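Please read the structure below before turning to the comments.
In what follows, every chain begins at residue 1, and chains take the letters A, B, ... in the order their sequences are listed. Bear in mind the structure is a predicted one, so any value in this text is a computation, not a measurement.
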Amino acid sequence: MAKLVARDIPGGSYVNLGIGQPTLVADYLPSDKHVVLHTENGMLGMGPQAQGDDIDPDLTNAGKLPVTELPGAAYFHHADSFAMMRGGHLDVCVMGAFQVSTAGDLANWHTGDPDAIPAVGGAMDLAVGAKTVYVMMTLFDKDGTPKLVPKCTYPLTGLACVSRVYTDLAVFRLEDDQVYVTETFGTTVDELASRLRVPVLAGPSPA
Amino acid sequence: MAKLVARDIPGGSYVNLGIGQPTLVADYLPSDKHVVLHTENGMLGMGPQAQGDDIDPDLTNAGKLPVTELPGAAYFHHADSFAMMRGGHLDVCVMGAFQVSTAGDLANWHTGDPDAIPAVGGAMDLAVGAKTVYVMMTLFDKDGTPKLVPKCTYPLTGLACVSRVYTDLAVFRLEDDQVYVTETFGTTVDELASRLRVPVLAGPSPA
Amino acid sequence: MIEVCGDAEAALRDLRDGATVLVGGFGEAGLPFGLLDGLLRCDAAGLTVVSNNAGNGHSGLAAVLATGRVRKIICSYPRQVDSWVFDRLYREGKIELELVPQGNLAERIRAAGAGIGGFYTPTGVGTPLAAGKEVRNIAGRDYILELPIHGDVALIRADTADEAGNLTYRKTARNFGPIMATAAKVTVAEVNRVVPAGAIDPENVVTPGIFVNRVVLAVGTAKAGSARSGSRETTR
Amino acid sequence: MIEVCGDAEAALRDLRDGATVLVGGFGEAGLPFGLLDGLLRCDAAGLTVVSNNAGNGHSGLAAVLATGRVRKIICSYPRQVDSWVFDRLYREGKIELELVPQGNLAERIRAAGAGIGGFYTPTGVGTPLAAGKEVRNIAGRDYILELPIHGDVALIRADTADEAGNLTYRKTARNFGPIMATAAKVTVAEVNRVVPAGAIDPENVVTPGIFVNRVVLAVGTAKAGSARSGSRETTR
């Protein structure tokens, strides 16, 4: 899945990879693609995770893991970092999700469980700020409930922000409230249509 | 007049000196007073005007004159510079004025002449931003009209912002809509009272 | 002109009950461990802490929360794998939480330092975190109104201070330091070294000295790599 | 990744009629003379120029105004001792002026780059420059609402660019450059040199490359000291 996302990120893009699975996308971005990684805790030009002696507690990513810096990196403070996001300067942001709606609404910060301790971090800022938001998630949760839904039931992160959804079974493009299936993995568009509660169309592959 | 203003600026203050006459105050600030000068075009730690080979067109003050930098200087961009002013971080600002009212209203950017080309610069930002605003001006204009007035007739720069007025004839402290004369030069409080259209009180000298 | 304090207690001497304390750091990067240790030895209670996280493990901010002297925390991401102290206090109803999206948190702190009365942000529109906030459509897009967050004291971690109070930071430990320094009545920076005025290139100053009141040298700790033993270099 | 353009015309190739052009500089410090010369050779008309001043003498911004292709100028301080060109156009009613206090001008440009929909500022309250603007009392103080200023193109002057587009500036020539770079669809920087990525310390970058699209080397001019002959250093 990370490989497909990496394939679809245009060369020369400025990209933010969310905590968890999205960080794997970095492994599939060849250096000649000139993708520059942003981490919202104040850096552009982030390199791979740090190992051994390269670990510096003052150099971490948004998941608080030690990372490295690449030539051409830049550091900045939190207001500047989020101004960069909110101002629409990032080309792509890749995030996980609990639910995505056909309109592109995103729910990925809270399950609505009243006992859960809420934490939002930078997710809402990324959702409204990046020019395009890609989501990586399993298409169904453990009990088989679809996570691509007509309307999110979990608390929202952002409205109409997701344009592509990468899942274990298919890749979806969301446009004008329509869901296009652009690729399938071991399943068919008809089969997906029968398992999801949203109408899907066989569509063109992402540009 | 510049000497008196310099005397009254507390040691260790961060100070902005407006264009024109107020720049002369710098000549009377001994280095052991540790006053740090701010120029709104992006610098703290401004030194004296540059001469000869020290002139660098990239290093100017708000009046666009070449200046120098002192040890401990810092450069920053315009949004940061005005955030510093608007955020109340400057201790003292010294400006010229066309009129000051007893309430401390300041008029110093426009004479109201309909033929004049208006220009405001950073005057309104300094008026609202600095913790204290001192004005330096002649007490009467060329035709003898007082510039310390019950109410400004020229377009305003800021409301209730001036706390002290240094003039050729006296020093005034403005407080709670009262005008205190703290020093006179070749005149008396009674004489001033007769020439001004505002009530004045003989008051304590500035702290 | 800054005051170089001998220890954290001296730097925190005017901390009062009910104060709002801005604490720099993102996770442990940029967390002022020495100042937080000093805070443990203060009496001030009923504090409001503004920080991106709500502490982890048992040291630093977590240790401060454990004293029970923090009434409220304003942050974006309280829950971490080892945020045991906060989690317990929260579940026991012993601490109030104001959850703010990270960028709105940063911008609200900046606004306080910049004298901005409020601003319209698109972040959070249509979400539960916009509940009760004014929504306004400007040029075809919805925004919510957010207000500044002012601090009484800011406790931040920097790298080098010069005697004019100018600061530099190290890598992503910069995070909230520069904006918190602008937003508090008193800003205290924990630094690795103090150098003479002029030793930092004026082009490379990140926080100008006008925003800094006091500095303390960091004491080496096993936890934070940034908390290397500090040294006061010879001054002119 | 930035594009290093051979000349100013190439850098300005997509300038269209009616565009809003942000022009850096405060007086002559930070004015991108080479780019303004290039602008003289463009056809685009009906431009709106956003800049602190309205040009002085007969070169730079004044020369651009003299072409009659600038419809409107948004600035804080148009009147200078030698702003003859602007003065004449203004008196003849041939140019529209929007006068904005300098700090509101800077903050409006920053707001555009930062995705802020509007903000409340105390600057200008009670003055003629607040006419027609919303006034709001927040926490006991009056503020006026100001809206962002977006640019189609930003023309700025920097010192060094690296091949990732990161910029540094020289002294007070920094002024509006860093905020204008964030607020335009296309940002063009006139620089003294281009160095390989990694040659600027990441701690000292003032404008990160994400905000820069194109650079051109400055050509030496007699007027501006900052416009020393540029050089492209060997790249790796």
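- Atom NE2 of residue B:H78 and atom CD of residue D:Q102 lie 3.5 Å apart, to the nearest 0.5 angstrom.
- Per-residue heavy-atom pair counts under 4.5 Å with chain B were compared for D:N104, D:V100, D:L99, and the maximum is reached by D:L99.
- With sequence neighbours excluded, no residue forms a side chain to side chain contact (heavy atoms under 4.5 Å, CB included) with B:D176.
- In terms of non-hydrogen atom pairs under 4.5 Å with chain B, the most contact-rich of D:A106, D:P101, D:P178 is D:P101.
- For the residue pair B:G121 and D:Y77, the shortest heavy atom distance occurs at N-CD1, 3.4 Å.
- Taking the side chain as every heavy atom from C-beta outward, B:D58 and D:T172 never approach each other to under 4.5 Å.
- Remark: D:E98 engages D:K72, D:R108 in a salt bridge (charged side-chain N to carboxylate O under 4.0 Å, His left out) (not counting sequence neighbours).
- Looking at B:N61, only its backbone comes within 4.5 Å of chain D, counting heavy atoms on both sides.
- Listed in order of number, the residues of residues 128-154 of chain D that approach chain B to under 4.5 Å between heavy atoms are D:P128, D:L129, D:R141.
- A search for side chain to side chain donor-acceptor pair (under 3.5 Å) contacts involving B:D143 returns B:T145, not counting sequence neighbours.
- With a 4.5 Å cut-off on non-hydrogen atoms, B:S81 does not touch chain D at all.
- With rounding to the nearest 0.5 Å, the separation of OG in D:S76 from CH2 in B:W109 is 11.0 Å.
- Only the side chain of D:R110 comes within contact range of chain B, with at least one heavy atom under 4.5 Å from a heavy atom of that chain.
- Taking NZ of B:K64 as the start and CG of D:N56 as the end, the distance is 8.0 Å to the nearest 0.5 Å.
- In this structure, D:T127 and B:P155 have side chains that are not in contact, with every pair of non-hydrogen atoms separated by 4.5 Å or more.
- Other residues, nucleotides and ligands contribute only 12 or fewer heavy atoms inside 6.0 Å of the NZ atom of D:K94.
- Between B:M43 atom CE and D:K171 atom NZ the span is 7.0 Å, to the nearest 0.5 Å.
- In this structure, D:N175 CG and B:F76 CZ are separated by 12.0 Å, a value rounded to the nearest 0.5 Å.
- How far CG of B:D80 is from CD1 of D:I179: 8.5 Å, rounded to the nearest 0.5 Å.
- The residue among B:D105, B:N41, B:L156, B:L159 with the most heavy atom pairs within less than 4.5 Å of chain D is B:N41.
- The shortest non-hydrogen separation linking D:R79 to B:I117 is NH1-O, 3.0 Å.
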